[in-house]
Amino acid sequence: MTGIWIAIGIAVVLVIAIIAIYNAIINRANAVERAWANVITQERQKNKIIPHLEDVVKDYKEFEQGTLTKVTELRSALQGLDIGKVDTAKLEQAEAKTGELLKSLNVTVENYPELKASETYQKLMREITDQQENIGAAIRIFNQNVEDFNNGIEVFPNSLVNAMLNRKEKIKTFSDSQAEEGFEYKPNI
Amino acid sequence: MLYYKNNKALISLLKNIKKKVSLSRSRQELDAVISELKFFSGSYQLNTKVYWIIFTVLLLVTGLLGYWDWSQRQSFQQSTWIIIAAGGVLTLLSGITAYYPHHLMSKVSHALLQRDGLLDNNLTPVTFNGKTTARQFQQRFSEFHRGNYSREIHELFKGSYQGDEYSFEYHYYHFHYVDERIVTDTYTDSNGRVRTRTRREYDHYDRYGLILPFGLLRNFAVIGFSLPGAGKATYKPASNRFNKVFKVVAASEIEAAKAMKPTVVVAFEELSNVLSKVNFEVNDAADLCLSFADKDLIATPNKVKISEFDAFIEALEGEQEFQKLKAALSHVHYVMTKLDSNF
């Protein structure tokens with residue numbers, strides 16, 4: 001009789017452990033999705049900046065032509081981002097387009113010292129820098145959560161539970177040195 | 001005490017400096033104390049070898065005598081007791097005589113470096129009443145609603161921080177609180193009956209922190225250590241790492257989400273690697289109390305003593321950096337810049 005109770009006890013503990021591992025994997029997968037959604041939300045904040053940028057450059061013809069093409073390309077890259085689907089390739093594309101636009105802005109503005117010195121332009125550049133920092137930080141959070149998730153499905157016995165029940169696949173972290181450079185906060189220690 | 005002439009002069013100088021350091025408030029006052037030290041004509045080395053030798057000999061002689069007498073008759077004679085007692089007192093006195101000057105030198109060296117470090121970091125001591133100040137802080141921040149028995153501020157310094165975008169004045173404090181609890185013990189009395197008795201026990205705790213005008217938020221807290229009276233988390237950022245350490249309590253979810261931008265979230269993650277049990281509490285007057293358990297924020301990192309005179313003076317003349325204090329202040333500044341929107 002005692003043997004049966006011990007067997008039942010072990011079975012109950014096992015079932016509880018499996019449920020806990022299963023739920024932990026789901027939680028970590030959800031955390032990755034949230035972090036991804038956060039990255040995309042930050043990326044889409046650029047849509048708020050673009051009209052300001054267009055306003056600033058509209059009086060400078062030479063400036064306008066080159067920059068507007070880059071703005072259009074960036075807008076289309078931002079539209080390609082899906083909040084519900086982790087797609088690091090598209091994110092990389094949007095970041096590349098942002099990089100190109102900023103590079104073009106920096107080169108062209110040298111020809112317009114009065115524009116470069118204007119308060120509106122300075123504010124705009126600060127806001128862009130701020131946004132790029134937020135995107136960098138959001139990517140860092142996404143990568144941390146992906147690392148947690150990947151560890152959560154690879155270590156034993158989680159790997160066993162995942163193979164039988166969750167069937168989640170390892171997620172690739174996002175690596176883009178330019179985007180990561182955007183986040184400049186370093187502690188003093 | 002019978003120290004050598006140089007020892008005597010040096011000890012007298014150290015005692016004098018100890019008094020003056022505790023009274024110095026400004027760089028000029030501290031420089032005057034350091035000059036006094038520099039103009040000492042004797043050696044900065046203490047010579048206590050003789051006292052250590054006397055101490056060792058007395059210890060050995062008393063010990064051996066006691067051992068010899070015990071091994072003869074398994075007890076001490078009355079005369080041996082007297083010798084052991086006298087030997088013990090003399091050993092103790094010679095030990096203290098040998099140890100005291102070194103202890104004094106360590107204390108004075110540390111006091112000088114500590115005061116210099118405070119001045120290097122623009123920190124000046126504030127005159128305050130410990131219990132009254134704790135009560136005043138308690139009215140402003142939940143952080144001070146700790147300790148059911150007593151609450152007291154032990155240290156208070158005023159400082160200023162100059163950042164790229166913001167500059168602010170702050171207070172650094174050391175808060176000590178005591179919890180009283182009643183403990184019930186069970187024991188068996190002389191009649192074999194089981195009885196209980198109660199006694200009061202006191203647990204002492206310390207917290208440290210910075211208080212400053214923040215301005216950009218109100219009624220907002222990032223809590224890494226229990227905060228009395230704080231409700232449930234109102235917002236959970238996307239970061240697993242942040243959520244493991246902190247919870248965010250604000251007036252509304254939208255307000256919390258606005259404040260907890262990714263850069264701010266990561267900055268808090270980094271802060272938790274530098275400081276432990278961190279609370280970031282902004283009250284309804286928009287004042288910030290950044291509290292933590294680390295006691296070494298304003299502790300001098302130098303361990304050099306006056307006896308290594310050149311190195312000691314070099315340490316005093318150089319800029320001492322309180323790394324953790326700098327990290328805490330730059331964190332506050334960073335969060336300020338991130339919450340201040342450009343548009």
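In the text below, chain A, chain B and the rest are named by the order of the sequence lines, each starting its count at 1.
Heavy-atom contacts from other residues, nucleotides or ligands closer than 6.0 Å to CD1 of A/Ile26 number more than 12. Counting heavy-atom neighbours within 6.0 Å of B/Glu165 CD, excluding the residue itself, gives a total above 12. Heavy atoms of other residues, nucleotides or ligands lying less than 6.0 angstrom from CD of A/Gln122 number more than 12. The environment of NZ in B/Lys305 is sparse: at most 12 heavy-atom neighbours from other residues, nucleotides or ligands sit within 6.0 Å.
Pairing each heavy atom of A/Asn38 with each of B/Ala238, the nearest pair is ND2-CB, 4.0 Å. Closest approach of A/Ala138 to B/Pro262, counting heavy atoms only: N-CB, 3.5 Å. A pairwise comparison of heavy atoms in A/Ala31 and B/Asn240 identifies CB-OD1, 3.1 Å as the closest pair.
Using a 4.0 Å cut-off between a side-chain N of Lys or Arg and a carboxylate O of Asp or Glu, B/Lys338 and A/Glu133 qualify as a salt bridge.
Using a 4.5 Å cut-off between non-hydrogen atoms, the part of residues 144-157 of chain A that approaches chain B consists of A/Gln144, A/Asn145, A/Glu147, A/Asp148.
Neither the backbone nor the side chain of B/Glu321 comes within contact range of chain A; no heavy atom of the residue lies under 4.5 Å from a heavy atom of that chain.
Of the listed residues (B/Val265, B/Thr263, B/Val266), just one forms a side chain to side chain contact (heavy atoms under 4.5 Å, CB included) with A/Asn134, and that residue is B/Thr263.
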